[in-house]
*Asks:* 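Just dropping this structure here.
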Amino acid sequence: MATATSQTLRFQSPSLSLSSKLPLSSAFSVSLRPRHRGSRPLVLVVSAGLDAKPTVLVAEKLGDAGLKLLKDFANVDCSYNLSTEELCTKISLCDALIVRSGTKVSREVFESSAGRLKVVGRAGVGIDNVDLAAATEHGCLVVNAPTANTVAAAEHGIALLAAMARNIAQADASVKAGKWQRNKYVGVSLVGKTLAILGFGKVGSEVARRAKGLGMTVIAHDPYAPADRARAVGVELVTFEEAIATADFISLHMPLTAATSKMLNDETFAKMKKGVRIVNVARGGVIDEDALVRALDSGIVAQAALDVFTEEPPPKDSKLILHELVTATPHLGASTMEAQEGVAIEIAEAVLGALKGELAATAVNAPMVPSEVLTELKPFVDLAEKLGRLAVQLVAGGSGVKTVKVTYATSRAPDDLDTRLLRAMITKGLIEPISSVFVNLVNADFTAKQRGIRITEERVILDGSPENPLEFIQVQIANVESRFASAISDSGEIKVEGRVKDDIPHLTKVGSFDVDVSLEGSIILCRQVDQPGMIGKVGSVLGEENVNVSFMSVGRIAPRKQAVMAIGVDEQPSKESLKKIGEIPSVEEFVFLKL
């Protein structure tokens, strides 16, 4: 018994799409080498074979350990404090760019790269200084280094929390000025106080662990944080309103996005408990700084400890920086010797991996897929691309591909099969043979949308063991004419179907005809009258030209009636040989398809 569920692919957020116009060589390939089980999620990257050393531009200071890794594989240009004009001039000669938070990688930079830039590495967590939409449109992968500085940022957050509570910075300045003001700098205790963490990701959860050790009650708000992870740390997830209304201390750990920009403003400060204290080691833009000054002056906010600012460095006459109730540090969250080296190594490995076509664990503008999923989908990824290539080559000239339906047959539940990689590879197969655009996993969705191709996905749920992820993949192209009439199904679409056998992709159906041919090399499809000697006649023509036949399969409606012969060949036959095949009596039509 089989049931079908349908899903239409919609294109809404360019920053989350899969990639565009990367001028890769014919060695364009997909590398599937996931790490050990249980490791971070990984994502596929498509790259070209590199004939010469790539060039990596390091635009901000990077640790020596990271630079050494880069120099072992690439030509490294360390050019710091570049203006936008200088960066745009240099970038057309670079395959990779590494920045920290001080360099803006704008749309202008990607346009200036003329398609050469393959990967941007952000040495740190936040990527708000990189135009992700532009990167995606230009087929450029963006990776970051989210783990190496996690502990350093959390420790700095706790250091600011304690320093603020006990007036450390102010008291230090007072003593150095020759004063002894013990009564003025009486602080508050942390034990028993409620800390609200806004943004319960890696850094936020590490801050929570340390705050719990200081005897604080910790609550958190994060619409994307799983409740079980919070419970494991002993943290209660609450609404944003509840968090800001009940907290004695608030620690910010969210990225800067359109939704979080100036999240703390006059309106939200008015809802806070009077005398609240605020720590920010995330992004300056999440606080309306003018509103914070007003909240400090009114006493709503008792103190603030800030490591990040809307403008860095902030103006020398900044009212916020000069405020007596503010403790400020110059973006030191990741500034430990250990974190700096760790970030350098992490970003160097991510950038080099992307240049080599390996899996990128920290891609931010491509889908994140667990390594175990990649392992089992590996042969189906190859099958998906080749089915796309076969299907589009069957379309007659002049027919525009606009409507594509992909069917996945599986015994697994709908939420237990991630098809994003498969869809991307089908898209790659559909577009590359008929255009000058090179499609990779970063730009597949964007490129399909740009060309008006609407892809729908359907899952046919089969009875049986869910041990194998898929039984077959079927690709149909509607409202087109075909170069090979037999590829048209009974419902009027070009239809090809394939399976994986012994980890090798096979073509198993063309139109209404069952075949079985390995998708290696290229394929000749012949429709013929089913009669003795046809295999031999075609084989002889190919043998005369020393074209090796790897597989041959015949699918027929009934004995002595129409049949389709699928022939796998290792080399491309000459036009003369193909013409001879077409002249064989009883061969009604044929087509050569290049994989």
Side-chain angles (χ1 to χ4, degrees), residues 33-36 38-43 45 56-74 76 78 80 96-103 105 119-130 141-160 199-210 213 229 233 251-256 279-283 307-308 312 329-356 358-364 368 371:
R33 287 186 281 174
R35 300 181 190 172
H36 57 80
S39 61
R40 282 182 46 75
L42 302 171
V43 64
V45 178
V56 178
L57 173 60
V58 179
E60 295 182 65
K61 188 168 176 58
L62 196 68
D64 291 340
L67 289 175
K68 183 179 185 306
L69 285 174
L70 292 170
K71 290 175 180 177
D72 287 344
F73 177 78
V76 179
C78 293
Y80 307 145
L97 168 66
I98 294 178
V99 299
R100 301 186 76 88
S101 60
T103 301
V105 189
V119 57
V120 171
R122 163 66 168 96
V125 180
I127 40 81
D128 43 277
N129 57 317
V130 180
L141 189 71
V142 179
V143 295
N144 65 352
T147 61
N149 62 6
T150 296
V151 170
E155 288 177 346
H156 195 62
I158 292 294
L160 286 178
F200 198 67
K202 293 180 178 66
V203 178
S205 57
E206 290 298 326
V207 169
R209 288 187 176 92
R210 287 156 177 79
R229 180 160 64 85
V233 186
S251 188
L252 305 179
H253 302 286
M254 73 281 283
L256 178 60
V279 177
N280 187 10
V281 294
R283 285 289 178 267
D307 185 50
V308 288
E312 294 184 0
T329 53
H331 206 144
L332 298 178
S335 295
T336 66
M337 291 185 290
E338 295 83 357
Q340 292 295 297
E341 286 301 293
V343 165
I345 292 170
E346 185 175 8
I347 200 61
E349 289 178 342
V351 167
L352 293 179
L355 289 174
K356 294 175 183 177
E358 297 174 355
L359 302 172
T362 59
V364 294
M368 304 298 287
S371 57

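Because the structure is predicted, anything quoted here is derived from the model rather than measured.
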*Asks:* Please report the closest heavy-atom contact between Arg100 and Lys61, naming both atoms and the distance.
*Replies:* CD-O, 3.4 Å

*Asks:* Between Leu62 and Leu70, is there a side-chain heavy-atom distance shorter than 4.5 Å?
*Replies:* yes

*Asks:* Whether Lys68 and Asp72 form a salt bridge (side-chain N of Lys/Arg under 4.0 Å from carboxylate O of Asp/Glu) is what I want to check.
*Replies:* yes

*Asks:* Answer yes if the side chains of Asn129 and Ser101 hold a donor-acceptor pair under 3.5 Å, and no otherwise.
*Replies:* no

*Asks:* Looking at every heavy atom in both Ala344 and Gly63, which two are closest together, and how far apart are they?
*Replies:* CB-N, 3.5 Å

*Asks:* What are the two closest non-hydrogen atoms of Asn280 and Arg283, and how far apart are they?
*Replies:* ND2-O, 3.1 Å

*Asks:* Taking only residues two or more places apart in sequence or in another chain, which ones pass side-chain contact (heavy atoms from CB on, under 4.5 Å) with Ala145?
*Replies:* Val343, Glu346, Ile347

*Asks:* Name the atoms and distances for all side-chain donor-acceptor pairs under 3.5 Å in residues 330-337, with sequence neighbours left out.
*Replies:*
| residue | atom | partner | partner atom | Å |
| --- | --- | --- | --- | --- |
| His331 | ND1 | Glu312 | OE1 | 2.8 |
| His331 | ND1 | Glu312 | OE2 | 3.3 |
| Thr336 | OG1 | Ala339 | N | 3.0 |

*Asks:* Which heavy atom in Ser205 sits nearest to a heavy atom in Val233, and how many Å separate them?
*Replies:* O-CG1, 4.2 Å

*Asks:* If you look at every heavy atom in Leu67 and Cys78, which pair is closest and at what distance?
*Replies:* CD2-SG, 3.8 Å

*Asks:* Taking atom CD of Glu341 and atom CG of Asp64, what is their separation to the nearest 0.5 Å?
*Replies:* 6.0 Å

*Asks:* For Val105, run the side-chain contact (heavy atoms from CB on, under 4.5 Å) check against Val142, Leu97, Ile127 and tell me which one passes.
*Replies:* Leu97

*Asks:* Can you tell which of Val207, Thr329, Val151, Val279 makes a side-chain contact (heavy atoms from CB on, under 4.5 Å) with His156?
*Replies:* Thr329

*Asks:* Can you give me the closest heavy-atom contact between Val203 and Ala154, atom names plus distance?
*Replies:* CG1-N, 3.9 Å

*Asks:* Does Glu206 come within less than 4.0 Å of Arg210, counting only side-chain N to carboxylate O?
*Replies:* yes

*Asks:* Got Val281 and His253 here, is their nearest side-chain heavy-atom distance under 4.5 Å?
*Replies:* yes

*Asks:* Tell me, do Leu355 and Val56 make a side-chain contact under 4.5 Å, heavy atoms counted?
*Replies:* yes

